[in-house]
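To start, the structure under review is shown below, and the notes come after it.
All values below come from the heavy atoms of this structure, side chains included, with hydrogens, waters and symmetry mates left out. Residue numbers run from 1 in the order of the sequence given. Quick caveat, the model's predicted, so the values are computed rather than measured.
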Amino acid sequence: HLQLVESGGGSVQAGGSLSLSCVLSGDSSAINCMSWFRQTPGKEREKVVGLYPDEGNTNYTEAVKGRFTISQDKAKKTISLQMNSLKPEDTAMYYCAAAAVVPPTPSCINWGPSHFGYWGRGTQVTVSS
């Protein structure tokens with residue numbers, strides 16, 4: 001049984017930084033695609049970044065390019081999201097998501113939330129102006 005647990009959210013002023021982590025516990029051997037999504041009340045879940053772990057391919061949404069960086073530590077089964085130069089519009093609940101794609105494809109970094117079968121409960125990020 002695979003579980004994803006996010007941590008690292010919090011409140012920060014505009015221009016500040018936060019680092020989110022997502023730890024995979026349980027059997028994650030089939031997981032070959034990871035993403036961070038975010039959501040604000042009344043809006044659809046938005047893709048922040050996709051990662052194809054085997055090759056390191058990434059795809060960032062335009063709004064976070066140059067400010068956010070995804071990384072992985074395979075030994076610790078952890079995906080991290082370093083968020084710099086935060087803006088009030090980055091305020092949202094951030095979710096880690098994972099998928100076991102068959103056959104594996106780097107194109108999964110472009111996929112939306114419906115393609116991901118495993119989700120964490122989310123961690124809140126609040127950026128004040």
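- Nearest heavy-atom pair, His115 versus Ala99, reported as atom, atom and distance to 0.1 Å: O-CB, 3.7 Å.
- Shown here are the side chain to side chain donor-acceptor pair (under 3.5 Å) partners of Glu62, two or more places apart in sequence or in another chain: Lys65.
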Item to complete: Would you please test Arg45 and Trp119 for side-chain contact (heavy atoms from CB on, under 4.5 Å) and show each step?
Response: CA-CA 12 Å; Arg45 199 160 288 190; Trp119 291 85; 3.3 Å; yes

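- A pairwise comparison of heavy atoms in Trp111 and Lys47 identifies O-NZ, 2.6 Å as the closest pair.
- Partners of Glu89 according to the salt bridge (Lys or Arg N to Asp or Glu O under 4.0 Å) rule, which considers only residues two or more places apart in sequence or in another chain, do not exist here.
- Residues satisfying the side-chain contact (heavy atoms from CB on, under 4.5 Å) test with Asn57, not counting sequence neighbours, are Tyr52, Glu55, Pro106, Ile109.
- In this structure, Leu2 CG and Ser28 OG are separated by 6.0 Å, a value rounded to the nearest 0.5 Å.
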Discussion item. The test is side-chain contact (heavy atoms from CB on, under 4.5 Å); show your working for Tyr118 and Gln3 and say whether it passes.
Written reply: CA-CA 7 Å; Tyr118 302 93; Gln3 288 187 316; over 6 Å; no

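- Across every non-hydrogen atom of Met34 and Pro53, the tightest pair is CG-CG, 4.1 Å.
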Determine all donor-acceptor pairs shorter than 3.5 Å in which one atom belongs to a side chain in residues 12-26; sequence neighbours excluded.
residue, atom, partner, partner atom, Å
Ser17, OG, Asn84, OD1, 2.9

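- Looking at every heavy atom in both residues, Asp27 comes nearest to Ser29 through OD1-OG, 2.7 Å.
- Listed by first and then second residue, the side chain to side chain donor-acceptor pair (under 3.5 Å) pairs that reach into residues 67-80 are Arg67-Asp90, sequence neighbours excluded.
- Taking the side chain as every heavy atom from C-beta outward, Gln124 and Tyr94 never approach each other to under 4.5 Å.
- Counting heavy atoms from C-beta outward, Ile70 and Ile79 have side chains that approach closer than 4.5 Å.
- Nearest approach of Ser128 to Pro88, heavy atoms of both residues: C-CG, 4.4 Å.
- For the disulfide (SG to SG under 2.5 Å) condition, the pairs that include at least one residue of residues 100-129, sequence neighbours left out, are Cys33-Cys108.
- No chain of hydrophobic side-chain contacts below 4.5 Å, direct or via other Ile, Leu, Val, Met, Phe, Trp or Tyr residues, connects Phe37 to Leu51.
- Both Phe116 and Met93 belong to a common hydrophobic cluster when Ile, Leu, Val, Met, Phe, Trp and Tyr are linked at side-chain heavy-atom distances under 4.5 angstrom.
- The cationic group of Arg38 does not satisfy the cation-pi geometry with Tyr95, failing either the under 6.0 Å distance to the six-membered ring centre or the 45° limit from the ring axis.
- Across all their heavy atoms, Met83 and Val125 have their closest contact at CE-CG2, 3.8 Å.
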